[in-house]
Number of protein chains: 2
Amino acid sequence: MKKKITLKHIARELDVSISTVSKALKNSEEIGRDTKEKIQAFAKLYNYKPNNIAISLKNKRTKNIGVIVPDIVHYFFTTVVRGIEKYANAKGYNVIVCLSDESFDKEVINMEMLANGSIDGFIMSLSAGTEKNNDFNHLREVTEQGIPLVLFDRVTDEIACDKVVIDDVLGAYQATKKLIDEGRKKIALLTTEDFFSVSRSRNKGYMKALTDSGMEIKEEHILRLPFMDIDEDLISDFLSAVRPDAVLSVNEIFGIYGMRVLQRCGMRVPEDVSIIGFTDGLLAKHANPSLTSVAQHGEKMGETAAKMLIDRVESEDDDDASYRTTILEPTLIERDSTIG
Amino acid sequence: MKKKITLKHIARELDVSISTVSKALKNSEEIGRDTKEKIQAFAKLYNYKPNNIAISLKNKRTKNIGVIVPDIVHYFFTTVVRGIEKYANAKGYNVIVCLSDESFDKEVINMEMLANGSIDGFIMSLSAGTEKNNDFNHLREVTEQGIPLVLFDRVTDEIACDKVVIDDVLGAYQATKKLIDEGRKKIALLTTEDFFSVSRSRNKGYMKALTDSGMEIKEEHILRLPFMDIDEDLISDFLSAVRPDAVLSVNEIFGIYGMRVLQRCGMRVPEDVSIIGFTDGLLAKHANPSLTSVAQHGEKMGETAAKMLIDRVESEDDDDASYRTTILEPTLIERDSTIG
DNA sequence: CAAGTTCACGAAAACGGTTTCGTGTTAATA
DNA sequence: TATTAACACGAAACCGTTTTCGTGAACTTG
């Protein structure tokens with residue numbers, strides 16, 4: 001087993017000082033031609049690579065960024081992580097991924113684990129538990145220590161930091177408008193419990209579109225489902241009662257379930273009922289019929305968040321506390337669950 | 001901005017030595033009651049947390065594990081990462097995720113980035129590029145340095161290390177057998193190019209099942225598709241030509257495409273044709289009809305890999321080079337694309 | 001009261017680098 | 001020839017911990 005070689009080893013072997021080796025390997029002008037070549041050759045031969053940990057300790061820079069997401073099985077978060085990875089890697093950063101599993105406690109624990117020197121900054125999306133608790137002290141502690149933080153998608157006004165979101169109001173507005181323009185009269189909304197910031201925004205867009213078109217907002221056309229453990233019966237009962245001619249879902253999965261329920265009731269999609277979901281994921285793409293969706297551009301969001309974070313990390317002036325919120329434009333991807 | 005507090009700060013403030021502070025915070029018997037209480041109180045007050053990097057440098061243990069996967073958007077890898085995360089987190093480890101993006105070069109770069117002290121061990125699944133190149137020197141270098149490595153799913157015999165896979169031959173065998181038992185006579189196989197180890201195994205299982213049942217293996221019933229950029233026409237032409245009464249796909253996505261193509265041709269699933277895919281993912285679950293699949297138990301695989309790695313990392317005796325290969329049993333999840 | 005213990009703490013090395021600041025030798029200059 | 005500048009390198013501090021070892025003071029013991 002070839003153990004890792006250190007500067008000390010090289011220095012001993014070549015009978016020079018550690019400092020000389022360090023400088024020689026950085027090609028410092030300070031060191032003479034011969035010595036430099038000798039050291040560099042030796043280092044190459046033994047495949048010397050500096051120890052990241054030692055460098056991190058010295059520089060107080062780890063070149064790691066911490067990403068805390070509620071889940072990684074959901075397509076949207078997956079694409080965001082991929083976007084972060086892509087940008088960060090190109091910049092020489094590693095990505096440490098932690099899953100909060102929608103739990104406030106896990107989110108806190110993960111933050112604390114990483115906040116003690118493991119990372120240069122955080123990118124995160126709030127867990128359901130955190131949004132429910134409305135408790136952001138862990139975020140505050142981190143930012144107060146001067147650790148850069150970028151929130152994406154599920155964000156909060158309580159914390160001053162960089163943020164990147166899509167215009168959820170607009171996305172829902174456009175989707176609803178599209179349904180109205182098709183001539184739909186009874187547009188149901190499948191949404192989540194109210195503590196999710198994104199759902200609130202999407203609800204708002206839905207309502208605004210209705211109002212702008214002179215349509216009435218009927219509370220009985222809105223179904224607020226618990227986020228986890230989807231109960232198909234709830235959706236089924238709701239849709240059977242409402243008998244909508246269009247459905248807007250604030251996520252992908254409710255949309256898929258909704259479509260299936262309606263099809264089972266003998267409704268044809270999109271002839272009898274149009275459906276639009278959020279999150280342009282694999283399910284939407286491969287559903288039958290494919291699901292018209294509001295694309296959240298997760299990968300772009302991830303890249304943007306990573307860029308914002310790394311810019312912040314690498315800028316010396318941390319006093320420049322002019323935090324920015326980047327708002328990405330959603331895109332309505334028209335597929336076969338709506339009429340051309 | 002409250003900067004992180006260090007032992008040195010506490011020592012200065014309380015007019016004791018750094019060593020005393022360190023010991024006091026570890027509740028060492030060596031330190032007197034009063035001093036200990038004073039120091040602990042101060043530390044609590046200022047929320048002292050030891051710097052992970054410094055500890056890593058000292059212990060030569062980072063409590064980080066490096067995970068390199070080809071992609072993170074595919075359901076299977078996602079679940080594996082989640083399993084790894086789950087186990088590793090419970091053990092106090094962080095997970096650094098790197099994406100090789102199916103590229104040999106990126107895989108190598110990522111390994112090198114992490115191998116210089118950033119992690120205690122690797123968990124990885126080979127990129128397509130690596131399997132194609134058949135070049136495993138980067139893995140060899142890592143293992144020769146004594147860095148523990150666990151390969152999962154896409155593994156190679158070339159490298160001596162711990163591995164965890166499912167029994168792909170068996171999975172395909174059982175799936176094919178199931179189709180045969182249904183009375184299917186013309187079972188097509190949708191597979192990938194041959195350099196993927198898992199596809200080779202699954203092909204083998206398919207063939208063995210046919211042979212065992214006295215059926216002929218016909219090369220023209222097998223379609224080998226390029227892994228990326230699925231060309232639906234290729235599938236369409238193939239299935240129109242073969243007109244199979246059953247299809248086995250070595251992954252999820254080919255199965256979904258195959259099903260759609262057949263449905264477009266007017267075939268009813270499962271009445272006219274049965275379909276089984278690999279990877280029991282979201283697409284399979286929500287397809288219409290839902291797709292009978294060979295579950296790869298990604299989360300279990302991830303947990304197992306993490307356990308193997310951490311056991312290896314934490315065992316002192318690295319001479320114990322008795323590497324193990326854990327073989328998980330696949331499970332056939334019967335859904336609506338086959339006959340009850 | 002001398003010798004040996006115990007107690008409570010500090011000094012210093014170590015982990016593996018980077019970097020500042022000497023310093024001895026040689027070569028150029030006055 | 002004496003002075004100085006340039007050159008090539010080393011010593012040491014530092015990043016934040018842990019840990020070994022040493023030591024002065026107080027205390028026990030014979």
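What you see below is based on every heavy atom in this structure, not just the backbone, and it leaves out hydrogens, waters and symmetry mates. All chains are named by letter (A, B, ...) in the order of the sequence lines, taking the proteins before the strands, and each is independently numbered beginning at 1.
Within the 4.0 Å cut-off from OP1 or OP2 of C:dG16, not a single side-chain nitrogen or oxygen of A:Y48 is found. Distances shown here put every side-chain N or O of A:T6 at or beyond 4.0 Å from the OP1 or OP2 atom of C:dG16. Contact check, B:K60 against C:dG16: a side-chain N or O comes under 4.0 Å of OP1 or OP2.
A pairwise comparison of heavy atoms in A:K4 and A:H9 identifies O-CE1, 3.9 Å as the closest pair. Residues A:L149 and A:C161 approach most closely at O-CB, 3.4 Å, considering heavy atoms. Residues B:S56 and B:T62 share a closest heavy-atom pair of OG-CA, 3.5 Å. When every heavy atom of A:F152 is checked against every heavy atom of A:S125, the shortest pair comes out as O-OG, 3.0 Å.
Atom-to-atom, CG of A:L57 to P of C:dG16 comes out at 12 Å; the value is rounded to the nearest Å. Atom CZ in A:R61 sits roughly 16 Å away from atom P in C:dT18 (whole-Å rounding). Atoms NZ (A:K23) and P (C:dT20) sit 10 Å apart, rounded to a whole Å. In this structure, A:I10 atom CD1 and C:dG16 atom C1' are separated by 12 Å, rounded to whole Å. Distance, B:K58 NZ to C:dA13 C1': 8 Å, rounded to whole Å. Atom CD1 of A:I53 is separated from atom P of C:dG17 by 11 Å (rounded to the nearest Å).
Nearer to the 5' terminus of DNA chain C, by closest-nucleotide assignment, is the contact made by B:S17 (compared with the other of B:N59 and B:S17).
Using a 4.0 Å heavy-atom cutoff across all strands shown, B:S19 reaches at least one base atom of the nucleic acid. As judged by a 4.0 angstrom heavy-atom cut-off over every strand, B:T35 is placed among residues touching the sugar-phosphate backbone only.
Interface limits on DNA chain D: the 5'-most and 3'-most nucleotides within less than 4.0 Å of chain A heavy atoms are D:dA8 to D:dG16.
With a 4.5 Å cut-off on side-chain heavy atoms, B:V16 and B:V21 count as touching.
Ring geometry for B:H74 against B:F77 counts as perpendicular: the plane angle is over 60°, on a 0 to 90° scale with 30° as the lower cut.
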